[in-house]
There are 4 protein chains.
Amino acid sequence: MSPKIVDRDKKRAEILHAAMKVFAAQGIHNFRMIDIAVEAGVGKGTLYEYFPSKDDLIISCFHQFFEDYQAHAEQVQTRPDDPADKIRQFIKLSFDFFRDQKERLDIVFDLYAAGLPRRNGRPLLDGMDDAYRGLIAEVEAMITDGIERKIFRPVNARLAASQLLALLDGLTFQAAMGVTNLSDKSLPDEISQTFLNGILS
Amino acid sequence: MSPKIVDRDKKRAEILHAAMKVFAAQGIHNFRMIDIAVEAGVGKGTLYEYFPSKDDLIISCFHQFFEDYQAHAEQVQTRPDDPADKIRQFIKLSFDFFRDQKERLDIVFDLYAAGLPRRNGRPLLDGMDDAYRGLIAEVEAMITDGIERKIFRPVNARLAASQLLALLDGLTFQAAMGVTNLSDKSLPDEISQTFLNGILS
Amino acid sequence: MSPKIVDRDKKRAEILHAAMKVFAAQGIHNFRMIDIAVEAGVGKGTLYEYFPSKDDLIISCFHQFFEDYQAHAEQVQTRPDDPADKIRQFIKLSFDFFRDQKERLDIVFDLYAAGLPRRNGRPLLDGMDDAYRGLIAEVEAMITDGIERKIFRPVNARLAASQLLALLDGLTFQAAMGVTNLSDKSLPDEISQTFLNGILS
Amino acid sequence: MSPKIVDRDKKRAEILHAAMKVFAAQGIHNFRMIDIAVEAGVGKGTLYEYFPSKDDLIISCFHQFFEDYQAHAEQVQTRPDDPADKIRQFIKLSFDFFRDQKERLDIVFDLYAAGLPRRNGRPLLDGMDDAYRGLIAEVEAMITDGIERKIFRPVNARLAASQLLALLDGLTFQAAMGVTNLSDKSLPDEISQTFLNGILS
DNA sequence: CATGAATGAGCCTTCATTCAT
DNA sequence: TATGAATGAAGGCTCATTCAT
């Protein structure tokens with residue numbers, strides 16, 4: 001009458017964490033289910049108790065990733081009022097998210113590539129473009145605000161937002177490649193400086 | 001140099017071109033050798049006359065991609081003397097390379113992701129980081145030149161070069177996602193403007 | 001005989017009944033243990049408290065089936081004395097057994113097929129041939145009696161018995177297929193008529 | 001330009017033949033693809049060059065079976081004119097088909113059972129009931145003819161046809177079980193005799 | 001005694017690669 | 001040289017069975 005009680009959410013999270021480690025080590029295109037099972041310390045069949053298929057596991061990992069990112073972003077509630085400070089904080093925030101988690105850095109580009117649209121068939125990860133558009137809109141709002149308050153030059157706000165995100169993605173890519181070091185403490189400030197120089201009045 | 005050799009090179013190039021189309025449509029992780037054979041109009045076995053393995057075919061495609069990029073870059077020989085103009089032309093050049101070839105845009109991020117280092121084993125594409133470092137060095141030289149000639153502010157040239165390339169990569173990614181439109185004729189100018197604003201004296 | 005025993009027997013019967021329903025719906029080769037557990041409203045593990053294995057459960061179902069058939073047959077104790085009437089009643093009896101239980105009809109051929117001998121290894125259901133031979137012997141006795149009493153022609157009694165059972169099995173098969181309707185009230189009489197015509201003096 | 005030439009039809013038939021042997025030995029529910037591959041002397045993958053899936057292989061076997069049966073039936077072109085003789089020949093024909101092919105006898109009931117309708121989902125073999133109805137119609141025509149020519153009593157022709165086929169199926173089942181011996185040379189005659197007695201005027 | 005989470009043996013199926021023609 | 005039929009290693013997934021609770 002009282003069967004084994006298991007914290008399914010906890011075990012699910014553990015498996016997802018093990019998956020992240022495996023993805024980081026082998027990429028999301030080269031791992032075997034057994035690898036994750038071993039990493040998570042469970043049997044192969046157990047994975048299927050929590051995720052209906054291999055693809056689902058990858059997709060769930062992607063969602064976890066975005067949820068963590070959003071949680072991280074919202075954790076900084078006291079957004080400053082000054083638009084330039086907002087931008088500075090946004091940049092710092094993004095760097096913070098990856099700085100100490102090589103694991104995440106290693107899978108983010110796999111996930112990015114997996115979310116690109118395909119001419120034939122669906123991409124593995126659906127809806128990445130919409131999530132990205134939301135991000136752009138957020139940054140665009142900051143810039144528009146700055147323009148209205150004459151703090152920024154009257155640049156194309158949408159494009160400037162695109163540029164900032166492009167910049168951050170590109171640096172993340174360089175970091176994943178080992179070409180740029182995110183841990184350099186002065187990086188966020190220098191980036192902010194150059195970018196803001198470009199749009200400040 | 002005998003006719004036979006020419007024929008081989010031509011067919012090899014045809015197969016590589018077919019491969020690009022297949023990669024663009026299905027991604028470099030989801031295609032089968034038969035897909036390329038069909039696209040190229042040859043038999044499956046024939047592929048192995050020209051490429052020793054599937055991985056080799058992908059790698060060759062990657063090299064072709066870089067060779068084309070370099071050929072495109074060198075085709076613009078009359079580099080201007082002014083550092084700012086150099087940067088402007090570099091930016092324009094990069095946009096030109098992808099603008100009219102959706103096919104290329106679709107595979108570049110697969111290739112990028114395939115070139116990232118892995119904790120376990122080699123990445124599929126080796127040496128991408130070195131190629132990238134070379135690119136950074138080129139841009140860095142332009143900026144250093146500008147700084148010495150007092151045209152640019154005394155910024156960290158290495159970092160500024162990183163930023164410019166990051167910006168271009170990030171925009172390419174956005175374009176691949178369909179979030180940013182590379183065909184917008186004013187794009188290179190606006191990008192150049194903002195970036196140069198950031199570093200100009 | 002203690003209450004516990006009764007409860008066990010009752011639950012065992014319930015599981016067996018649930019199994020019959022599942023077999024009828026999915027066939028004895030396509031069901032999963034969980035299907036029966038759900039149908040019976042018990043846990044998967046509980047099935048193993050009553051049956052040591054999946055095969056055992058099927059076999060037990062088969063025995064249940066035969067026991068029910070025999071119980072049904074014996075329930076008609078007042079066998080008539082006239083051999084022709086005996087045959088008529090035997091035929092009617094067989095029809096009665098399936099007429100109102102589509103469930104049984106649907107599994108009988110799975111069970112039949114499962115009982116056929118295999119060149120490699122044992123069949124799933126053992127001893128079906130012996131049970132069948134017993135049935136033939138019973139009918140053969142009726143016919144022999146009829147021959148001795150000059151009511152039937154001096155046919156090969158063994159073969160005639162085979163024929164009658166074959167006829168009934170074949171009709172059951174047709175009914176399972178949906179080609180012949182066992183519910184047709186005149187069926188037993190017409191069958192009896194034709195068969196007896198064939199062997200009556 | 002001249003690749004390996006293979007008689008695909010021939011190899012397909014060989015695989016089908018190997019499959020029949022395996023089905024006879026293990027049943028259509030217990031075999032593994034590798035068993036058939038070994039029996040046919042080919043690799044596992046080769047099976048999939050000829051049949052898209054395991055189920056398809058089984059279904060193809062079933063179709064082959066029916067084609068062979070029809071070919072056998074049509075091979076006897078000189079059908080007699082007398083209805084009773086027609087019936088006799090039909091019975092003889094059916095016995096002939098199995099007599100010397102234990103292999104076929106062993107799988108026929110698996111196929112029969114696989115063709116029965118299921119409450120949940122399609123049966124493995126589709127359209128068996130229609131094929132069977134066609135068979136009944138053929139026999140029914142013979143009997144109707146006999147009735148019209150006053151050779152047979154005015155029985156229910158449809159039912160009588162059902163009975164004859166049921167009889168033959170039932171005997172086949174008994175033979176598969178090892179309870180009745182189809183090789184008994186007098187069997188067809190005795191069966192014909194009894195059946196015709198039942199319906200002759 | 002009842003349960004269902006966990007397990008891993010087992011098997012279908014795919015597809016890169018080979019090689020006879 | 002070009003081909004595609006043949007191959008079998010490899011891996012995703014299922015499900016009977018176990019056993020801690």
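Naming convention: chains lettered A, B, ... in sequence-line order (proteins, then strands); numbering from 1 in each chain. All values derive from a computational prediction rather than experimental measurement.
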Structure string for DNA chain F in dot-bracket form, Watson-Crick and G-U at under 3.5 Å, | interchain: .||||||||||||||||||||

How many Å lie between CG on B:Asp55 and P on E:dA16, as a whole number? 10 Å

Check DNA chain F against residues 23-33 of chain B and give the residues with a non-hydrogen atom under 4.0 Å, in numerical order. none

Side chain D:Lys44 and base E:dT13 donor-acceptor under 3.5 Å: yes

I need the CD1-P distance between B:Ile58 and E:dC15, as an integer number of Å. 14 Å

Between F:dA16 (P) and C:Asp56 (CG): distance, integer Å: 14 Å

Assign the ring pair B:His29 / A:His29 to parallel, tilted or perpendicular, where the plane angle (0 to 90°) is split at 30° and 60°. parallel

Looking at B:Tyr48, I'd like to know whether one of its side-chain N or O atoms comes within less than 4.0 Å of OP1 or OP2 on F:dT3. no

Interatomic distance where NZ belongs to A:Lys11 and C1' belongs to E:dA5 [whole Å]: 8 Å

OP1, OP2 of F:dA6 versus side-chain N and O of D:Tyr50: anything below 4.0 Å? yes

Minimum heavy-atom separation for A:Pro123 to A:Ala114, with atom names? CB-O, 3.6 Å

Which pair of non-hydrogen atoms, one from C:Ala24 and one from C:Ile107, has the smallest distance, and what is that distance? N-CG2, 3.4 Å

Tell me if the centroids of the rings in D:Phe109 and C:Tyr112 come within less than 6.0 Å of each other. no

Quick one: is the NZ or CZ of D:Lys54 closer than 6.0 Å to the six-membered ring centre of D:Tyr48, and within 45° of its axis? no

Of C:Gly41 and B:Ile34, the one whose nearest nucleotide on DNA chain E sits closer to the 5' end is C:Gly41

Taking A:Asn30 for the side chain and A:Gly27 for the main chain, is one N or O donor matched with an acceptor at less than 3.5 Å? no

5' precedence on DNA chain E between D:Pro52 and C:Thr46 (nearest-nucleotide basis): C:Thr46

Round to the nearest Å and state the distance from B:Lys54 atom NZ to E:dC15 atom P. 8 Å

Classify A:Phe51 by what it touches in the nucleic acid, base, sugar-phosphate, or nothing, heavy-atom distance under 4.0 Å. nothing

Can you check side chain to side chain contact (heavy atoms under 4.5 Å, CB included) on B:Gln26 and A:Arg119, steps first, answer last? CA-CA 7 Å; B:Gln26 326 204 171; A:Arg119 270 213 260 311; over 6 Å; no

Most 5' of B:Gly45 and D:Val42 on DNA chain F, judged by nearest nucleotide: B:Gly45

Only counting residues at least two apart or in another chain, list the ones meeting side-chain hydrogen bond (donor to acceptor under 3.5 Å, both in side chains) with B:Glu14. none

For the pair made of CG in D:Asp7 and C1' in F:dA6, what is the distance, rounded to whole Å? 16 Å

Any ion pair linking A:Lys102 and A:Asp106 (charged N to carboxylate O, less than 4.0 Å)? yes

d(CG, B:Leu57; C1', E:dT17) in whole Å: 14 Å

Atom CD of D:Glu49 to atom P of F:dG4: distance rounded to whole Å? 12 Å

Are the aromatic ring centres of D:Phe65 and D:Phe62 under 6.0 angstrom apart? no

